[in-house]
Amino acid sequence: MTDHWFEPLADYMGKAYDRYAHTKGTVQEVDHVVATLGLTAGDRVLDVGCGTGRHSLEFARRGIVAHGVDISQRFIDIAVGAAGAESLEAATFARGDARELGFLDEFDAVVCLCQGAFGMMTADGDDALVVAGMAAALRPGGRLALSAFNAYFAVKYHADAEFDADTGVSHERTEIRSESGELKTVDLWTGCYTPRELRLLLGAQGFAVDAICSVEPGQYGSHSATTESPEFLVIASR
Ligand SMILES: C[S@@+](CC[C@H](N)C(=O)[O-])C[C@H]1O[C@@H](n2cnc3c(N)ncnc32)[C@H](O)[C@@H]1O
């Protein structure tokens, strides 16, 4: 497994990751994904780039069997600890690289939310590897919920970030906090997308795109894609 620029950031933040505002909408996000993908208790969900496990834990609370994969061992350890603290046997976690998922026809649904690996790498082709692995992991007819940064929004509103028009990657210098509250300035890179690029990328890996909606953390819904939301939520079927 290759090193990833996010791993030292995850090590630094630890449990402080779950204090960020963008992590506070988990229940609403899972409500929406469960309803939209038609998930029921006993279904199996793969959570790609699961972070500290917040979506997988919420699926498991609803009887949905969730397996989270993340490249950060620190985040995986936090997720395993949280599942153990709630005795949530339906949530399991393992360190892994989303570019080499290695599952075959195993899951009823795959979620990749809040830039969970997708959009977190800058090399050409990395996101295509993630999408290919997610397609292979799904049983035929299985469904995907994937969020991606909205390129239009990044260009229009990210005043503190530099947007590379050639690669579609937004670069920002920002502050992160450790568990004890210490601040550190770090670099963040996020791959941004238009709906057209998302349709082309997913279509090339065998997905039928059912909808691309304008969303933001904690406010997932079914509104058509616009330039005005920070993220898009892609709903697709294998
Ligand atoms: C912004 S966090 C989102 C975490 C989680 N999905 C959430 O909604 O809170 C992005 C996550 O993607 C993980 N990640 C980035 N690249 C990855 C890769 N190649 N394979 C697996 N995980 C990766 C990071 O370690 C991080 O936990």
Side-chain angles (χ1 to χ4, degrees), residues 4-26 28-29 32 48-49 51-52 54-55 70-72 75 98 111-128 130-131 145-202 211-235:
H4 190 292
W5 62 264
F6 192 79
E7 288 177 87
L9 277 62
D11 288 345
Y12 188 82
M13 287 185 284
K15 291 181 180 172
Y17 174 78
D18 289 319
R19 292 184 209 143
Y20 281 91
H22 73 263
T23 67
K24 299 300 178 195
T26 310
Q28 193 278 337
E29 290 159 14
H32 181 75
V48 176
T52 54
R54 62 193 181 99
H55 294 108
D70 199 281
I71 203 154
S72 162
F75 277 2
V111 301
C112 180
L113 302 174
C114 195
Q115 288 61 245
F118 185 86
M120 293 279 290
M121 292 154 300
T122 50
D124 274 353
D126 275 350
D127 282 349
V130 176
V131 174
L146 163 81
S147 74
F149 259 31
N150 178 344
Y152 305 124
F153 186 91
V155 171
K156 225 170 152 181
Y157 298 114
H158 283 183
D160 297 334
E162 279 170 40
F163 184 83
D164 183 326
D166 182 56
T167 60
V169 173
S170 170
H171 170 224
E172 60 184 308
R173 296 269 298 158
T174 189
E175 286 182 328
I176 58 171
R177 241 175 233 286
S178 69
E179 287 178 12
S180 54
E182 289 156 292
L183 284 170
K184 181 180 186 176
T185 304
V186 297
D187 294 282
L188 287 181
W189 291 270
T190 312
C192 304
Y193 284 91
T194 66
R196 184 165 187 269
E197 289 167 329
L198 290 165
R199 276 192 204 93
L200 289 169
L201 180 54
L202 271 77
I212 300 184
C213 303
S214 257
V215 301
E216 56 188 282
Q219 293 186 39
Y220 282 9
S222 305
H223 312 288
S224 301
T226 74
T227 58
E228 305 304 309
S229 69
E231 296 181 10
F232 293 125
L233 181 68
V234 183
I235 304 298

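- In summary, of the residues considered (Phe149, Phe6, Trp5), a ring-ring contact (aromatic ring centres under 6.0 Å, His included) with Trp189 occurs for Trp5 alone.
- Note that the OG atom of Ser147 and the CD atom of Glu216 stand 12.5 Å from one another [nearest 0.5 Å].
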Apply the test side chain to side chain contact (heavy atoms under 4.5 Å, CB included) to residues Tyr12 and Lys184: give CA-CA distance (whole Å), side-chain angles for both, the deciding distance (0.1 Å), then the verdict. CA-CA 9 Å; Tyr12 188 82; Lys184 181 180 186 176; 3.6 Å; yes

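- Remark: side-chain polar atoms of Glu179 are paired, donor with acceptor, to backbone N or O of Lys15 under 3.5 angstrom.
- Across every non-hydrogen atom of Glu175 and Thr185, the tightest pair is CG-OG1, 3.9 Å.
- A donor-acceptor contact closer than 3.5 angstrom is absent between the side chains of Asp18 and Thr23.
- Taking each heavy atom of Ala225 and Phe232 in turn, the nearest pair found is CB-CE2, 3.7 Å.
- The ring of Phe118 has its center closer than 6.0 angstrom to the ring center of Tyr193.
- There is a side-chain donor-acceptor pair under 3.5 Å between Glu29 and His55.
- Here Cys213 contributes atom SG and Glu231 contributes atom CD; the two are 12.5 Å apart, rounded to the nearest 0.5 Å.
- Side chain of Asp164 to main chain of Val169: no donor-acceptor pair is present (N/O by atom type, distance under 3.5 Å, no hydrogens or angles).
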Would Arg199 and Val234 count as a side chain to side chain contact (heavy atoms under 4.5 Å, CB included) if you check the C-alpha gap in whole Å, the side-chain angles of each, and the deciding distance to 0.1 Å? CA-CA 9 Å; Arg199 276 192 204 93; Val234 183; over 6 Å; no

Criterion side chain to side chain contact (heavy atoms under 4.5 Å, CB included) on Val186 and Thr174, from CA distance to verdict: CA-CA 6 Å; Val186 297; Thr174 189; 4.2 Å; yes

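- Under the 3.5 Å distance criterion, the side-chain polar atoms of Gln28 are left unmatched by any main-chain donor or acceptor of Gly25.
- Side chains of Glu228 and Tyr157: a donor-acceptor N/O pair is present below 3.5 angstrom, by distance only.
- Residues Ser180 and Glu182 have side chains that bring a donor and an acceptor to within less than 3.5 angstrom of each other.
- Around NZ of Lys24, the count of heavy atoms belonging to other residues, nucleotides or ligands within 6.0 Å exceeds 12.
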Trace of the side-chain hydrogen bond (donor to acceptor under 3.5 Å, both in side chains) decision for Arg54 with Thr26: CA-CA 7 Å; Arg54 62 193 181 99; Thr26 310; 2.9 Å; yes

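- Between the side chains of Asp187 and His171, at least one donor-acceptor pair of N or O atoms lies under 3.5 Å.
- Panel note: side chain Arg177, backbone Arg19; no donor-acceptor pair is recorded below 3.5 Å.
- Atom NE2 of His22 has more than 12 heavy atoms from other residues, nucleotides or ligands within 6.0 Å.
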